[in-house]
Amino acid sequence: MISPQCCFKYLFSGILGLSLILIQSSSPAQTVKKEKEFLKNQAASLTSSGHEQLALDRADEALKTWQESTKIYRQLNDREGITESLINQNLAFQALGLHKQACNTLLEALKLNTILDICDPILQQPAIDQKEQLTAVIGKQKPTSVNLLGLQNLGEVLRILGQLNESETVLQETLTLAKLVSSSKISGIYLSLGNIEQSIYQQLQDKSSWIEEPLFREQIANIIPQKAQKSLWYYQTLENIPNISKSAKLQAHLNHLTLLISWEKWLSNQPNQANLHQKVNQQIRVLVNQIDDNSSAFLELSPEPSIHARLNFANNLSQIPDEQLKSIAIRYSKLALKMAETINSIRWLSYSFGTLGKLSTQTEQKQAYFKKALGFAQSIRASDIAYQWQQQLGLIYQKQGKTELAIQNYNAALANMTQVRDSLLSSNGDLQLSFQEEMEPTYRNYMRLLLASPSPDLKKVIQINEGLQIARLENFLRCGKLDLVALNQLQNLKNVPSVINIIDLEDTIEIIVQSPDGVQPGYVQNGTRCKVM
């Protein structure tokens, strides 16, 4: 007879053996599950780290981090994770100024890279075919949150690339999709559409300044108000959306203000537009008060967007001839500076000091602010910021009669401008739009300075003028950097002609004649000047 103890022993052994069998049989599945969970957590951690790196101006590190997270999501075959991490990569590419790569990355994220080829303007289809294709392809996208985010980013990148018609089509179709699911992204899409129309409006203004034929100028002058009104409509629609966040409304207000100030300037030079000019002027005052009265909205933004928004507002206020508004602009700039110091952002410290320099009325203080701004920009080798403060310092030194210091700063500014244009011109429509207003005056001021000398360096003047004309041509054609050959570098040219350089300084015309007789390439001989007041 078997004792109860033996029975219990055998029963316990059986249960233990069965448990071991069950554990062994389920262990691989549990291991796989735990491994997937580990990889998901790792990818999520990398995603967060990438956003932190981007916020600290370390876009190159953020890109590598998000590329690692993309690899993990591919390993997990997580389609939504892949899409989201590719959208993040696009943000890093944009921060690095690599807008074509950003565009292609978004097409990959949306699985459109084998269907569309819209990231290179040189390879464009006819506009009608392109619009029809975009409309058809985007209409087939599922209106998920991540897809809507990707499409909105695609529209924004196309705007920066100067593909304004394509950008508008993408965003219009994205808005249609967003409305199907009452997406929270609708407000952001309206903002992007307003920005597109504002870019088209600015482009038309740019063309208007180039074209001299009266009929074409009149046609463009008739279209400009239409585009301005359309952009305003998008901003106003966004501002009137029920329960819209304060931060979204603030962004709409700021872009709305930028457009109104630009339009007011344009209207002031148009005949028979006095009533509209007065109306826009009144709208500007109302909007400025609305933004200032709701200043708590700036606090709802994360640090860097908040700094950007404050400086945006300050720069807009500085363009309005009102001393009271200028004092408000200084207050917002100082708040931006304080926040930049808190997060220790070198780029935003540079922008904040530079903005204060532009607002200051005392030359010594202005100069001190620009020096600080330049020091921060140079410490991170930010040529896209440095040239702005170098041209401001050059102008200050020029007015003070400190010719050598002015020349040093103008030289450095032009070198940085060239570097920025060479690296971004073919991939940044915004840079092209800003050239006439921001960069061109530096070329002219530098030439004025050189020509004011008793013994002007005519060779240098001609060199600067050639650089200006090439830059203007590139800006007008909007087709990237041109590879031009100087006349004196052409081979097998039997008779090198004399070259007459007509230099338009706006207030004066300078004429410099280059004679080929006995002259080494690039050397200027027999320079003569003719000033027309």
Side-chain angles (χ1 to χ4, degrees), residues 33 35-96 98-116 118-119 134 137-161 167 170-171 173-189 191-192 245 247-248 251 301-302 304-305:
K33 185 178 179 181
E35 185 180 346
K36 281 187 175 181
E37 287 178 358
F38 172 77
L39 288 173
K40 275 190 175 182
N41 290 335
Q42 187 181 10
S45 177
L46 286 169
T47 298
S48 298
S49 296
H51 284 293
E52 290 172 5
Q53 289 164 339
L54 189 65
L56 294 171
D57 298 328
R58 287 151 45 191
D60 51 345
E61 294 178 27
L63 178 60
K64 291 175 184 176
T65 301
W66 283 326
Q67 286 171 338
E68 287 301 314
S69 69
T70 307
K71 287 179 185 177
I72 295 173
Y73 283 123
R74 289 190 194 281
Q75 187 179 340
L76 292 168
N77 197 27
D78 184 336
R79 186 62 238 174
E80 187 168 325
I82 294 168
T83 303
E84 198 166 335
S85 60
L86 285 170
I87 292 172
N88 287 333
Q89 284 187 41
N90 131 76
L91 298 176
F93 279 126
Q94 287 194 62
L96 293 167
L98 304 173
H99 300 289
K100 282 184 182 177
Q101 289 91 324
C103 183
N104 284 314
T105 301
L106 288 167
L107 290 183
E108 183 185 354
L110 296 163
K111 292 185 176 181
L112 300 176
N113 51 320
T114 58
I115 304 172
L116 296 176
I118 56 175
C119 298
L134 280 171
V137 169
I138 295 172
K140 294 177 182 178
Q141 290 281 313
K142 292 181 180 179
T144 62
S145 178
V146 69
N147 279 352
L148 291 173
L149 178 63
L151 287 168
Q152 186 184 346
N153 272 269
L154 179 61
E156 280 293 331
V157 170
L158 287 169
R159 180 183 68 82
I160 295 170
L161 285 168
S167 173
V170 168
L171 289 168
E173 294 305 311
T174 306
L175 180 62
T176 301
L177 289 175
K179 286 180 177 179
L180 292 176
V181 291
S182 300
S183 171
S184 60
K185 292 183 170 51
I186 286 177
S187 61
I189 298 168
L191 181 65
S192 295
S245 68
S247 58
Q251 288 178 310
L301 299 171
S302 54
E304 292 209 27

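All values reported here derive from a predicted model rather than from experimental measurement.
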ask   = Can you name the closest pair of heavy atoms from Gln53 and Thr65 and give their distance?
value = OE1-OG1, 2.7 Å
key: Over all atoms of both residues, closest heavy-atom pair of Ala43 and Ile72   = CB-CG2, 3.8 Å
ask   = Crowded around Gln42 CD? As in, over 12 foreign heavy atoms under 6.0 Å?
value = yes
inquiry  = Rounded at 0.5 Å granularity, tell me how far CG in Leu46 sits from CG in Asn88.
reply    = 11.0 Å
Candidate pair Ile82 and Leu86, rule side-chain contact (heavy atoms from CB on, under 4.5 Å), full reasoning = CA-CA 6 Å; Ile82 294 168; Leu86 285 170; 3.9 Å; yes
message = Quick one, Asp60 with Leu63, criterion side-chain contact (heavy atoms from CB on, under 4.5 Å). Give me CA distance, side-chain angles, the key distance, then yes/no.
response = CA-CA 5 Å; Asp60 51 345; Leu63 178 60; 5.7 Å; no
remark   = What one should report as the nearest heavy-atom pair of Pro143 and Leu177 is CB-O, 3.7 Å
request  = Hey, could you give me the CG/OG distance between Asp78 and Ser85, rounded to the nearest 0.5 Å?
outcome  = 8.5 Å
task = Give, for atom NE2 of His99 and atom OG1 of Thr105, the distance between the pair rounded to the nearest 0.5 Å.
result = 12.5 Å
request  = Could you give me the CA-CA distance, side-chain angles and deciding distance for Glu173 and Leu134, then say whether side-chain contact (heavy atoms from CB on, under 4.5 Å) is met?
outcome  = CA-CA 9 Å; Glu173 294 305 311; Leu134 280 171; over 6 Å; no
note = Rounding to 0.5 Å, atoms CG (Leu112) and CG (Leu106) come to a distance of 10.0 Å
ask   = Going by the ring-ring contact (aromatic ring centres under 6.0 Å, His included) test, which pairs reach into residues 61-95, not counting sequence neighbours?
value = His51-Trp66
request  = Search all heavy atoms of Gly155 against all heavy atoms of Val170 and return the closest pair with its distance.
outcome  = N-CG1, 3.9 Å
message = With a 3.5 Å distance limit and no angle check, can you tell me whether Ser48 reaches the backbone of Ala44 through a side-chain donor-acceptor pair?
response = yes
task = Salt-bridge test for Glu37 and Lys40: reply yes if a basic N is under 4.0 Å from a carboxylate O, no otherwise.
result = no
task = Identify the two heavy atoms, one from Ser145 and one from Lys185, that lie closest to each other, and give their separation to 0.1 Å.
result = OG-NZ, 3.0 Å
query = Got a second to check how far Ile160's CD1 is from Gln94's CD, nearest 0.5 Å?
reply = 4.5 Å
inquiry  = Please report the interatomic distance OG1(Thr83) to NZ(Lys111), rounded to the nearest 0.5 Å.
reply    = 7.0 Å
ask   = Do you see a donor-acceptor pair shorter than 3.5 Å between the side chains of Asn104 and Glu108?
value = no
Polar side-chain atom of Gln141 near backbone of Asn147 as donor-acceptor pair, under 3.5 Å = no
inquiry  = Under a 4.0 Å threshold between the charged nitrogen and the carboxylate oxygen, would Arg159 count as salt-bridged to Glu156?
reply    = yes
note = Heavy-atom closest pair (Ala95 atom, Ala59 atom, distance to 0.1 Å) is CB-CB, 3.7 Å
request  = Give the C-alpha distance, both sets of side-chain angles, the deciding distance and a yes or no for side-chain contact (heavy atoms from CB on, under 4.5 Å) between Leu91 and Asn153.
outcome  = CA-CA 9 Å; Leu91 298 176; Asn153 272 269; 3.6 Å; yes
